[in-house]
Amino acid sequence: MTQRTRPTVAVGALGGTIAMTSADGTAVVPTLTGELLAEAVPGLETIADIRAETLAMLPSGSLDERTVLAALAWAKDAVDAGAAGVVLTQGTDTLEESAYLVDLFWDRPEPLVVTGAMRSPQSPSADGPANLIAAMRCAVAPESRDRGVLVAFDDEIHQARWVAKTDSMSTGAFRSPVFGPIGRCVESQVVYGVNGGGRPPALVAAGLAERLQQPLPRVPLVATHLGDRGDVLDLVAASHPDGVVVAGFGAGHVSAAMAEAVGRAAARMPVVFASRTGSGPTGRAMYGYPGSEMDLVARGAIAAGWLPPVKARLLLWSALCAGETDQLREEFTQRGAP
Ligand code: ASP
């Protein structure tokens, strides 16, 4: 009788609520290692042989680009060593950002699936175990290959490029506005819809490891607001960042005064504007008043397209890191589109 060999999945834990416990039954903090997380979920070992590792033990607000790209390097090593897929667990607060950052550089066909939990392991109806099982199933499914980085949460499968945390407390906190999830976890199966799932090629990561040893690009995000005089953007620009992203109103708009500040900043560094609405793209050719999308482009700014401000910031940061300074506009045209 031939024995079916189980695939190997590498599970990298970065912290977050899924790994948070309380010693006295009150507030929770990250405590669980990757090994403990995996051991605590009954049945996980029937899906795959698990190689668990603790990559960090942090609330996700304290992760940074370096930590996330170290997880990317670890994940690449794991698939090079034979893993069929990778699961990363982390806090939900910045999950939409780290999943996208890893996706930008993920150049392997093997699935890399990110998950977390909204309820800690000791709470009633903790969602971490179900999310981890869904992520594992997703990571071993042949149908998940060549789809880039995925987020498995609440039995839905989302693309890293569009997923967003859209609720502060609900277990169904993750949505992909406009585009929706590309798949579902049903019973023990992973099912993908017929549409969606395409993605641009990964950014070239050659030299990334060496680049990470040097000071990294500084790309702040500036949110505009009613009555914005542009003074905060001026202050930010005066601190010599490598680029700036502006979270604009509606289709990426700002006040006339802020538009002047955008022009001043764009003369010195790349400036990208995105929509703060959480859904829908920046405009292209609809409005022509001072502060509109057409005006901002004329002043030298780059439109983020369908990318929300936090993902636009990561694309600009990554393109600068990868030395793609001459092709920023093309990068946003390509990666900011569905
Ligand atoms: N509330 C967060 C979570 O879901 C905390 C964090 O992001 O680390 O994990």
Side-chain angles (χ1 to χ4, degrees), residues 11-41 44 52-72 74-75 86-103 112-136 138-139 149-177 181 185 221 278 308-311 313-314 317:
V11 178
L14 291 159
T17 298
I18 193 168
M20 291 193 193
T21 59
S22 161
D24 59 4
T26 59
V28 296
V29 293
T31 49
L32 296 183
T33 62
E35 294 80 355
L36 285 174
L37 252 183
E39 275 167 23
V41 181
L44 208 60
E53 205 155 316
T54 309
L55 307 176
M57 207 182 277
L58 291 168
S60 70
S62 292
L63 296 173
D64 60 14
E65 295 92 343
R66 253 199 194 94
T67 324
V68 172
L69 291 178
L72 166 78
W74 172 85
V86 177
V87 172
L88 291 176
T89 61
Q90 71 150 89
T92 56
D93 289 353
T94 62
L95 193 151
E96 72 209 75
E97 294 189 56
S98 34
Y100 183 57
L101 179 55
V102 172
D103 185 53
L112 191 161
V113 190
V114 189
T115 196
M118 293 299 289
R119 295 182 184 148
S120 59
Q122 292 159 312
S123 32
S125 303
D127 55 335
N131 287 342
L132 196 49
I133 285 181
M136 287 286 288
C138 209
V149 174
L150 301 167
V151 170
F153 218 97
D154 199 24
D155 281 345
E156 291 186 338
I157 305 166
H158 298 264
Q159 283 190 291
R161 48 201 301 245
W162 304 128
V163 75
K165 184 173 182 181
T166 60
D167 194 287
S168 61
M169 291 288 181
S170 162
T171 51
F174 286 86
R175 290 198 305 121
S176 296
C185 299
L221 173 59
V310 290
K311 296 197 203 254
R313 197 197 77 79
L314 286 165
W317 185 92

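For this chain, numbers begin at 1 and follow the sequence in order. First listed ligand is number 1; within each ligand, the first listed atom is number 1.
- For the residue pair Tyr100 and Lys311, the shortest heavy atom distance occurs at CE2-O, 3.3 Å.
- Once rounded to the nearest 0.5 Å, the distance linking CZ of Arg119 with OG1 of Thr171 reads 5.0 Å.
- The structure places CG of Asp127 at 9.0 Å from OG of Ser170, a figure rounded to the nearest 0.5 Å.
- Within the model, atoms CD1 of Ile157 and OG1 of Thr115 stand 11.0 Å from one another, a figure rounded to the nearest 0.5 Å.
- Checking only distances, Asp93 does come within under 3.5 Å of ligand 1, N or O to N or O.
- In terms of polar-atom proximity, Thr94 is not counted as a contact of ligand 1, lacking any N or O under 3.5 Å from an N or O of the ligand.
- Atom-to-atom distance recorded for Arg175:CZ and Lys165:NZ is 14.0 Å, nearest 0.5 angstrom.
- Summarising the contacts of atom 4 (O) of ligand 1 with Thr92, Thr89, Leu95, Leu63, the nearest heavy atom is found in Thr92.
- Close approach of ligand 1 to Gly16 (heavy-atom distance below 4.0 Å) involves ligand atoms 8 (O), 9 (O).
- Against a heavy-atom cut-off of under 4.0 Å, Pro59 is close to the following atoms of ligand 1: 8 (O).
- Here the straight-line distance linking atom CG of Leu63 with atom CD of Glu97 works out to 10.0 Å at 0.5 Å rounding.
- In this structure, of Val29, Leu14, Thr17, Ile18, the residue bringing a heavy atom nearest to atom 9 (O) of ligand 1 is Thr17.
- Look at Ala117 and you'll find a heavy atom under 4.0 Å from some atom of ligand 1.
- Looking at atom 7 (O) of ligand 1, its nearest protein heavy atom turns out to be Ser60 OG, 2.5 Å.
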